[in-house]
Amino acid sequence: MEKLKAVAPGLALGVVHRKDYDLSKAGPQRVPLEQVERELNRFHKALSDSRRQIESLKGSLTGKIPSEHVRILDTHLAYLKDSVFLSDVENLILNEQMALEAAIGKVIADFDRIFRLVQSETLRERAVDLRDVGIRVLRNLEVRGDGEKVAPKLADDYVLVARELSIVDMFNLSNEHVLGIVTEEGGLTSHAAILARSMRIPTLTGVTGLLEKVREGDFVILDAAEGLVRLNPDELVRAQYSRAGGEKEATGTTTAEIGLARRPVKTRDGVAVTISATCGNLPEVDFAANAGFPSIGLYRTELLYLIDRDQPSLESLVAHYASVIEHARGMPVTFRLLHADSSLEVPY
């Protein structure tokens with residue numbers, strides 16, 4: 001896939017979970033007259049559940065991210081009480097006997113169409129926020145025939161693949177956030193982007209044709225520090241990135257780890273030893289820089305040749321090596337160039 005600019009840098013490895021909401025396909029369109037009251041009751045119950053979840057999410061984020069970012073969720077709470085939104089949905093149920101899911105889908109689609117016609121970025125972001133609220137309410141309406149909530153079976157850790165960057169997709173209904181996010185759409189200044197950066201969730205957006213290429217359960221490596229997505233890589237590539245994923249990135253390094261490598265190291269007979277880092281990707285370089293290593297004594301470059309079947313271009317190698325130098329923050333770097341023989345089984 002093409003190189004992209006990251007919304008929030010970082011490294012994430014995991015299976016794909018797709019979210020591709022189509023609000024125009026929200027189930028049955030009409031209900032019998034005797035079920036109108038039931039639809040209204042379902043609506044208000046889902047609104048109540050949604051408010052409770054957002055309040056809980058605010059509580060869990062307080063103290064972990066800046067307070068002004070926590071207050072972003074107040075916008076969603078306000079939409080759950082918005083008189084225009086509520087009355088539009090209720091009128092469709094009362095006057096047209098529209099099923100609740102279809103009514104919510106129509107109202108959100110109408111608002112979305114109006115907001116996107118204007119040039120104001122603020123109004124477009126409001127459309128995304130309102131859509132988030134509508135999708136959260138719809139999630140709370142997903143029930144089985146026995147009335148129990150549907151809880152789709154997902155991997156414990158997954159990378160979200162979606163059409164649009166949104167807050168509601170960053171968390172499940174238990175407010176557990178995802179490992180990483182890749183989307184086709186979504187602005188760098190949206191509320192979802194702000195929260196993704198604040199929570200250090202590796203995030204890329206603007207990937208054209210993403211949902212056509214990625215399937216539920218695929219394995220992806222999201223290297224948002226470099227703006228790359230690797231789909232179903234081989235075991236060698238997974239192992240390289242898994243090792244990096246086990247180390248803290250510079251943005252997530254604890255106070256105890258900062259400057260770790262600056263501590264004096266001596267042999268038992270008092271000889272001072274200088275320890276340099278060995279790295280193979282940008283997250284490892286970030287970790288080494290933050291830990292205080294004096295240099296990167298070895299940067300392995302063979303991974304660049306093994307990730308894809310085609311030989312990397314000169315331009316891509318120059319760009320990668322330049323990124324390594326930038327992330328090294330002034331540390332000297334020794335690059336080990338590729339020594340290729342038949343054991344690598346490269347096709348070129």
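Note that the coordinates shown come from a computational prediction; the quantities given were computed from them, not determined experimentally.
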Do [X] and [Y] come within less than 4.5 Å of each other through their side chains, counting heavy atoms only?
{"X": "Glu90", "Y": "His44", "answer": "yes"}
{"X": "Leu160", "Y": "Ile201", "answer": "no"}
{"X": "Val220", "Y": "Val182", "answer": "no"}
{"X": "Ile135", "Y": "Ser166", "answer": "no"}
{"X": "Met199", "Y": "Leu61", "answer": "yes"}
{"X": "Leu179", "Y": "Leu13", "answer": "no"}
{"X": "Arg300", "Y": "Thr278", "answer": "yes"}
{"X": "Asn290", "Y": "Arg329", "answer": "yes"}

ask   = Can you check side-chain contact (heavy atoms from CB on, under 4.5 Å) on Leu47 and Val137, steps first, answer last?
value = CA-CA 6 Å; Leu47 290 171; Val137 174; 4.0 Å; yes
What verdict does the side-chain contact (heavy atoms from CB on, under 4.5 Å) test give for Glu37 and Asn41, after you've listed the backbone C-alpha separation in whole Å, the side-chain angles of each residue and the deciding distance to 0.1 Å? CA-CA 6 Å; Glu37 185 175 354; Asn41 289 336; 3.9 Å; yes
| query | Would Arg52 and Glu55 count as a salt bridge (Lys or Arg N to Asp or Glu O under 4.0 Å) if you check the C-alpha gap in whole Å, the side-chain angles of each, and the deciding distance to 0.1 Å? | reply | CA-CA 5 Å; Arg52 175 178 50 77; Glu55 290 287 3; over 6 Å; no
Is it the case that one hydrophobic cluster holds both [X] and [Y], taking links as side-chain heavy atoms less than 4.5 Å apart, direct or via other members?
{"X": "Val89", "Y": "Leu33", "answer": "yes"}
{"X": "Ile296", "Y": "Val318", "answer": "no"}
{"X": "Leu94", "Y": "Val84", "answer": "yes"}
{"X": "Val324", "Y": "Leu337", "answer": "yes"}
{"X": "Val271", "Y": "Val265", "answer": "no"}

Looking at every non-hydrogen atom in both residues, tell me the closest pair between [X] and [Y] and how far apart they are.
{"X": "Ala272", "Y": "Lys266", "value": "CA-CG, 4.0 Å"}
{"X": "Ala103", "Y": "Ile93", "value": "CB-CG1, 4.2 Å"}
{"X": "Arg163", "Y": "Leu211", "value": "NH2-CD1, 3.4 Å"}
{"X": "Pro202", "Y": "Ala12", "value": "CG-CB, 4.2 Å"}
{"X": "Val107", "Y": "Phe85", "value": "CG1-CD1, 3.8 Å"}
{"X": "Leu141", "Y": "Glu101", "value": "CB-OE2, 3.9 Å"}

Without swapping roles, check the side chain of [X] against the backbone of [Y] for a donor-acceptor pair under 3.5 Å.
{"X": "Glu39", "Y": "Ala99", "result": "no"}
{"X": "Gln97", "Y": "Val31", "result": "yes"}
{"X": "Arg18", "Y": "Gly217", "result": "no"}
{"X": "Ser87", "Y": "Ser83", "result": "yes"}
{"X": "Arg200", "Y": "Gly10", "result": "no"}
{"X": "Thr334", "Y": "Leu298", "result": "no"}

| When you look at Arg136 and Asp132, which way does the salt bridge (Lys or Arg N to Asp or Glu O under 4.0 Å) test go after all the steps? | CA-CA 6 Å; Arg136 180 177 292 276; Asp132 269 9; over 6 Å; no
Partner of Ile194 under side-chain contact (heavy atoms from CB on, under 4.5 Å), picked from Ile65, Ile72, Val7, is Ile72
Quiz item: Relative to each other, are the rings of Phe335 and Tyr321 parallel, tilted or perpendicular (30° and 60° limits)?
Solution: tilted
Q) Taking the six-membered ring for Trp, are His320 and Tyr299 parallel (under 30°), tilted (30 to 60°) or perpendicular (over 60°)? A) tilted
From [X] [atom1] over to [Y] [atom2], what is the distance, rounded to the nearest 0.5 angstrom?
{"X": "Glu216", "Y": "Lys19", "atom1": "CD", "atom2": "NZ", "value": "9.0 Å"}
{"X": "Lys106", "Y": "Gln29", "atom1": "NZ", "atom2": "CD", "value": "10.5 Å"}
{"X": "Glu212", "Y": "Glu184", "atom1": "CD", "atom2": "CD", "value": "7.0 Å"}
{"X": "Asp129", "Y": "Thr75", "atom1": "CG", "atom2": "OG1", "value": "5.5 Å"}
{"X": "Asp223", "Y": "Leu204", "atom1": "CG", "atom2": "CG", "value": "8.5 Å"}
{"X": "Ser276", "Y": "Met331", "atom1": "OG", "atom2": "CE", "value": "9.0 Å"}

Report task. Would you please test Val128 and Leu165 for side-chain contact (heavy atoms from CB on, under 4.5 Å) and show each step? Result -> CA-CA 9 Å; Val128 174; Leu165 182 60; over 6 Å; no
Fill in: Intermediate values then yes/no, side-chain contact (heavy atoms from CB on, under 4.5 Å), Thr203 and Met170
CA-CA 10 Å; Thr203 303; Met170 292 167 62; over 6 Å; no
- Item | More than 12 heavy atoms from other groups under 6.0 Å of CD on Glu68 | yes
